[in-house]
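Computed from a predicted structure; not experimentally measured.
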Amino acid sequence: WAAAAPGERGISADAGFRAPEESLEYGRAKELLQMAVMHGRDDREKIKEALFWLESGTAKNCPYAMALLGSYYLDGGFTERSRREAERDPEKGLALLRRAAAMDAPAAHIVLGRIYFNGGCGVARDAEAGLAHFDRAIAAGARFIVSPGYNEALVAHCQARGIPVL
């Protein structure tokens, strides 16, 4: 899972990669979130339990749990309802995403790539740094990049590396 880019809604499943060694906590959180948002549902109890598992995984330095939890704080929730009820904390979200990226979590690189590429969340626009994050995501196993809107430079960059942009 990965948060939508700033100003977008929702999360994207698996962010185009398969985590080779997920922690049990991350696996449980991902399962709960899939059930919580399936078919437009918004199950607050499952989201709350998923957050518990993401916090547990983050405490054990699981980069995948860290990236998803960072996305949660960055976006302020996983669904429309949870965004209304949660406190958005972009500073905490960025810190978690940067820690996860330092451990080469592809989802963290994708989210950070979009933030740097477009600017936002208190980060100045830096297309070069954004593309570098996309390259690190690809090197870490990303199979595609989710782009917030069409951008010729980003599409050309990814296609030159054989990576589709959705």
Side-chain angles (χ1 to χ4, degrees), residues 1-116 120-123 130 132-148 163 166:
W1 295 79
E8 289 185 359
R9 299 279 185 221
I11 49 183
S12 57
D14 294 323
F17 76 99
R18 201 165 160 70
E21 295 182 24
E22 300 176 349
S23 69
L24 295 175
E25 293 83 2
Y26 172 74
R28 181 65 180 141
K30 191 167 74 167
E31 176 185 298
L32 285 162
L33 288 171
Q34 287 170 341
M35 289 187 289
V37 300
M38 191 182 313
H39 307 297
R41 292 177 48 206
D42 194 355
D43 189 327
R44 187 171 28 179
E45 289 306 311
K46 282 189 177 37
I47 290 172
K48 192 174 178 181
E49 187 179 348
L51 288 170
F52 166 80
W53 289 111
L54 290 175
E55 292 281 1
S56 296
T58 296
K60 292 180 179 181
N61 284 322
C62 172
Y64 308 108
M66 207 174 289
L68 187 51
L69 188 61
S71 294
Y72 171 83
Y73 285 118
L74 192 67
D75 197 36
F78 293 117
T79 65
E80 192 63 42
R81 180 176 172 185
S82 67
R83 274 191 282 285
R84 287 192 307 265
E85 295 172 357
E87 286 190 39
R88 191 169 175 268
D89 190 344
E91 189 173 305
K92 184 175 184 176
L94 283 170
L96 287 167
L97 286 164
R98 287 178 175 134
R99 278 181 56 203
M103 292 185 253
D104 277 333
H109 284 298
I110 290 170
V111 174
L112 289 170
R114 293 188 323 194
I115 290 169
Y116 279 96
C121 299
V123 175
H133 274 290
F134 291 132
D135 286 341
R136 288 185 66 193
I138 293 164
R143 296 184 309 238
F144 61 87
I145 303 293
V146 179
S147 175
I163 299 295
L166 308 176

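Between the CD1 atom of Ile115 and the CD1 atom of Ile110 there is a distance of 12.0 Å, given to the nearest 0.5 Å. Taken from CG in Leu97 to CG in Leu69, the straight-line distance is 9.0 Å, to the nearest 0.5 Å. Taking CZ of Arg99 as the start and CE of Met66 as the end, the distance is 4.0 Å to the nearest 0.5 Å.
The nearest pair of heavy atoms linking Val123 to Arg98 is CG2-NH2, 3.8 Å.
Counting heavy atoms from C-beta outward, Leu68 and Leu96 have side chains that stay 4.5 Å or more apart. A 4.5 Å side-chain heavy-atom check between Phe134 and Arg114 finds at least one atom pair inside the cut-off. Inter-residue side-chain proximity for Arg88 and Cys121 is flagged as met; some heavy-atom pair is nearer than 4.5 Å. At least one side-chain heavy atom of Leu51 sits under 4.5 Å from a side-chain heavy atom of Tyr72. Counting heavy atoms from C-beta on, the side chains of Ile47 and Leu33 come closer than 4.5 Å.
Ring-plane geometry between His133 and His109 is classed as tilted, the angle between the planes lying from 30 to 60 degrees on a 0 to 90 degree scale.
Judged by distance alone, with hydrogens and angles left aside, the side-chain atoms of Arg143 form no donor-acceptor pair with the main-chain N or O of Ile163 at under 3.5 Å.
Between Glu31 and Arg28 a salt bridge is recorded (basic side-chain N to carboxylate O distance below 4.0 Å).
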